[in-house]
There are 2 protein chains.
Amino acid sequence: MVKVLIADDHQMFVDGLKSLLVEEKDMCVVGEAKNGYEVLEICSHEDVDIVIMDINMPQMDGIQTSRELSKKHPSVKILGLSMYNDRDYISDILKAGARGYVLKNTGKESLLSAIASLQSGSNYLSEEASKTLLNSFMKSHSGEQMLEKLSDREKEVLECIASGLTTHEIADKLFISKNTVETHRKNLLYKLKAKNTAELVNNAYKQRLIQ
Amino acid sequence: MVKVLIADDHQMFVDGLKSLLVEEKDMCVVGEAKNGYEVLEICSHEDVDIVIMDINMPQMDGIQTSRELSKKHPSVKILGLSMYNDRDYISDILKAGARGYVLKNTGKESLLSAIASLQSGSNYLSEEASKTLLNSFMKSHSGEQMLEKLSDREKEVLECIASGLTTHEIADKLFISKNTVETHRKNLLYKLKAKNTAELVNNAYKQRLIQ
DNA sequence: CTTTAAATCACTGTTTTTGGTGAGCAATAA
DNA sequence: TTATTGCTCACCAAAAACAGTGATTTAAAG
């Protein structure tokens, strides 16, 4: 009997999954969570085999939750779930301790085989997800890739830029010099491979640095 | 017996909903669709009472599909569905002919009562959705609102701007003068209430003119 | 057949961004 | 200890964006 915990902030999706899983006689849903805190809370007093973990959740997202969870309860297996076939999503949640990843646009079969794989101790990557990872791996070797992480300060400046503030206004707001803001802006342009402010904001959205 | 058609591009969500609905003895799922074309196709040869219509679908989205569907098959009742509690989404799909709207983050109860309401001939708006509509109505009267529609040309220029092209490059690409592009840019800034390019792209994302 | 709206182009400034280069300081990792 | 990284600041010239105003043509709407 596989004990499953469903973590997703869309109640309707949870309800659907639950009704789908209880049909399987070797599975039971032992809990549901709307955010990361609830996942950790439930796992601390409940015996859970597998967490089906949506990546996009309010308050604490699936990535962060996976990190915490695999630290505190390494025996709990995490299956990453999301609607985006996004390199960063996949690699981030795998790095955070998940043992599998499936997309929401695949059917229940792939979900069930993912659960089976994880339960038997192996890993599971859906076909699309592995393609994406492989592609990005290729690219990373042809120099196309590389997404340098932004520092906290840079994210702060990025948000100011996106909200329409000029360099001077940002400088005033963050109590730093105009020159410093210009440097941050320059580094942001470089790191996000943008050639001007418009593309910067665009890329920031695409890479989900802003939502 | 209510005959339901589920339209959503996430197969897993469809599978979940289906298994949830077949539990209800007075309902049956007569079809599923991954995009608008499939919805129209199915409705043309299948007897459908209610379409559960996700707004975000590839190729033809829920809004456009609802418009076509209520033109061709006005007897089919449409229940709008989305994860966003967004004024534009709600009002757009209602204008397009939907008779109800529920959010994915509400549970199955609200979905079932929505279906029941629609089947009995009345409308259904989830609590959050009606709040959102009401709020935006208030705002629209306090002058805060107003989202002037963009012309096709403006959208075209907007995309160019977001992808990082300069005024000069856009002019070359669209075979128009630099001055014209600047005028379009100016109008875009005005219409989206942005004070510079960064905020323009930002607001375009927020208002889902780019995704 | 008008009135309106979209799309086009023009001129003239001012402000902001962008690119290039360089450097000091503090915290932290190797 | 040394190397690296994040944050800070500086200067300057060229490019681009921004603001204000006005005007013509064409197509749709009334």
Pairs flagged by side chain to side chain donor-acceptor pair (under 3.5 Å) wherever residues 35-51 of chain B is involved - sequence neighbours left out: none

Taking CD1 from Ile161(B) and C1' from dC18(D), how many angstroms apart are they, rounded to a whole number? 12 Å

Would you give the length of the straight line joining atom OG1 of Thr166(B) to atom CD1 of Ile161(B), rounded to the nearest 0.5 angstrom? 10.5 Å

One should read off an interatomic distance between Arg67(A) CZ and Ile78(A) CD1, to the nearest 0.5 angstrom, of 11.0 Å

d(Ile6(A) CD1, Gln11(A) CD) to nearest 0.5 Å is 9.5 Å

Measure from CG on Asn196(A) to C1' on dA14(D) and round the result to the nearest Å. 15 Å

Rounding to 0.5 Å, atoms CD (Glu169(A)) and CG (Asn196(B)) come to a distance of 8.5 Å

First and last nucleotide of DNA chain C in contact with chain B, 5' to 3', at under 4.0 Å to a heavy atom: what are they? dA6(C) to dA10(C)

Once rounded to the nearest 0.5 Å, what's the spacing between atom OG of Ser126(A) and atom CG of Asn85(A)? 7.0 Å

Walk me through whether Glu182(B) and Arg185(B) qualify under salt bridge (charged side-chain N to carboxylate O under 4.0 Å, His left out). CA-CA 5 Å; Glu182(B) 277 183 356; Arg185(B) 181 197 290 278; over 6 Å; no

Between the protein and nucleotides 8-12 of chain D, list the N/O to N/O atom pairs that are separated by less than 3.5 angstrom.
from: dT8(D); atom 1: OP1; to: Arg153(A); atom 2: NE; distance (Å): 3.2
from: dT8(D); atom 1: OP1; to: Arg153(A); atom 2: NH2; distance (Å): 2.8
from: dT8(D); atom 1: OP2; to: Arg153(A); atom 2: NE; distance (Å): 3.1
from: dT8(D); atom 1: OP2; to: His184(A); atom 2: NE2; distance (Å): 2.9
from: dC9(D); atom 1: OP2; to: Ser177(A); atom 2: N; distance (Å): 2.5
from: dC9(D); atom 1: OP2; to: Thr180(A); atom 2: OG1; distance (Å): 2.8
from: dC9(D); atom 1: O5'; to: Thr180(A); atom 2: OG1; distance (Å): 3.4
from: dC9(D); atom 1: N4; to: Thr183(A); atom 2: OG1; distance (Å): 2.8
from: dA10(D); atom 1: OP2; to: Ser177(A); atom 2: OG; distance (Å): 3.4
from: dA10(D); atom 1: OP2; to: Asn179(A); atom 2: ND2; distance (Å): 3.0

Separation of dA15(D) P from His168(B) NE2 (nearest whole Å): 12 Å

Taken to the nearest whole Å, CG/Leu188(B) to C1'/dA19(D) is 16 Å

Rounded off to whole Å, could you give me the CG-to-P distance for the Leu165(B) and dA15(D) pair? 18 Å

Spacing between Leu200(A) atom CG and dA17(D) atom P, to the nearest angstrom: 14 Å

Over how many whole Å does the gap from Glu169(B) atom CD to dA17(D) atom P extend? 9 Å

Tell me the closest heavy-atom pair linking Leu174(B) and Val157(B), and the distance in Å. CD1-CG2, 3.9 Å

